Amino acid sequence: MRTQDFLETKLKKIKNIAPDITSLDLRMLLAHVLNMEASEVYFAKCELNSLQIEQFESLLKKRIEHCPTDKIIGHKGFYKYEFVVNEDVLSPRPDTEILVEVTSALIARENIDNILELGVGSGCIILSLLADNPNLTATGIDISNKALAVARANAVNLGVTQRVKFINASWFDNDITAKLNEQYNLIISNPPYIPSAEIDTLDDEVKCFDPKIALDGGNDGLRDYRQIIKLSANLLNDGGFLIFEIGENQKNDILKIAYEQKLSSVEVLRDLSGTERCIILKK
Ligand code: GLN
């Protein structure tokens with residue numbers, strides 16, 4: 001069967017059992033089987049053989065069981081780059097691209113040459129910033145060694161290993177300041193920020209396949225912001241920036257915590273869906 005007919009028939013069939021699965025999901029899964037780009041697969045003039053169909057069906061089964069497509073095929077496009085992903089890291093979200101876009105422009109405009117990221121996960125934020133800015137060096141910490149393995153693989157793929165240092169640590173470690181032992185002009189973080197009681201209400205794609213440790217922000221979702229703001233007040237040089245991804249309706253609470261630590265607010269930006277998603281603070 002030709003790829004185009006195959007995809008159209010499949011999409012019709014699964015509409016009833018799994019309405020969330022999109023035509024793009026199917027194209028990406030088939031592209032993975034055929035070792036092609038998702039953009040090529042629809043018009044590829046090739047016949048699928050039975051082995052390829054069998055392989056596709058086994059990937060589709062995982063998707064129907066709610067595994068997100070990027071975690072089935074092992075990579076995801078984010079901002080301008082492609083990242084290796086697996087179940088040890090939070091899937092990069094389009095919502096987070098605004099954070100990278102404004103931070104990258106800020107780094108270029110202010111000639112910032114050394115930054116810190118708290119909670120690197122796949123590395124999609126810190127590594128995008130390094131790939132965009134050839135004079136930048138960076139330190140990234142993560143509590144998960146498995147996540148750091150993914151970030152290291154992505155650093156190799158983006159050709160920035162010489163400019164990044166990864167440390168397996170938590171911002172709650174007593175000796176975290178000593179471990180870092182540096183001052184920074186910019187600190188960035190997309191910390192866990194979902195209130196613990198809301199984790200169960202998230203989509204299966206998120207709650208079953210993203211690491212809980214990357215999502216759960218404690219009782220009120222603000223536990224990690226409190227600690228990171230306190231820490232950053234010490235680790236930032238005067239005039240340095242602290243940039244956060246934030247959850248829905250968290251802006252006012254986070255600003256209050258920031259003001260208590262003598263940080264001021266520079267800007268709040270919305271993501272592509274119009275939700276306030278990125279906050280820029282200054283020491
Ligand atoms: N934005 C993610 C979500 O809504 C959460 C990411 C995070 O907690 N940092 O699932």
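The shown structure was predicted, so the numbers you read here are calculated from the model rather than taken from an experiment. Nothing fancy with the numbering, it's 1 onward along the sequence. Whatever order the structure lists ligands and atoms in, that order sets their numbers, starting from 1.
- Ligand 1 does not have D95 within reach: every non-hydrogen atom of the residue lies 4.0 Å or more from it.
- Note on E57 versus K10: salt bridge recorded, some NZ/NE/NH1/NH2 to OD/OE distance being below 4.0 Å.
- Note on E37 versus R27: no salt bridge recorded, every NZ/NE/NH1/NH2 to OD/OE distance being 4.0 Å or above.
- F244 has its ring centre no less than 6.0 Å from the ring centre of Y193.
- Taking 4.0 Å as the cut-off between side-chain N and carboxylate O, D204 and K207 count as a salt-bridged pair.
- Between the K283 side chain and the A233 main chain, a donor and an acceptor come within less than 3.5 Å of each other.
- Below 3.5 Å of separation, one finds an N or O of P191 facing an N or O of ligand 1.
- For A214, the closest heavy-atom approach to ligand 1 falls below 4.0 Å.
- With hydrogens left out, the protein atom closest to atom 8 (O) of ligand 1 is Y193 N, 3.1 Å, a heavy atom.
- Of the protein's heavy atoms, I194 CD1, 3.9 Å lies nearest to atom 4 (O) of ligand 1.
- Under a 4.0 Å criterion applied to the non-hydrogen atoms of P192, ligand 1 contributes the atoms 8 (O).
- With respect to the salt-bridge test (charged N to carboxylate O, under 4.0 angstrom), the residues K61 and E65 qualify.
- The heavy atom nearest to atom 10 (O) of ligand 1, considering only E245, E198, R93, R277, is found in R93.
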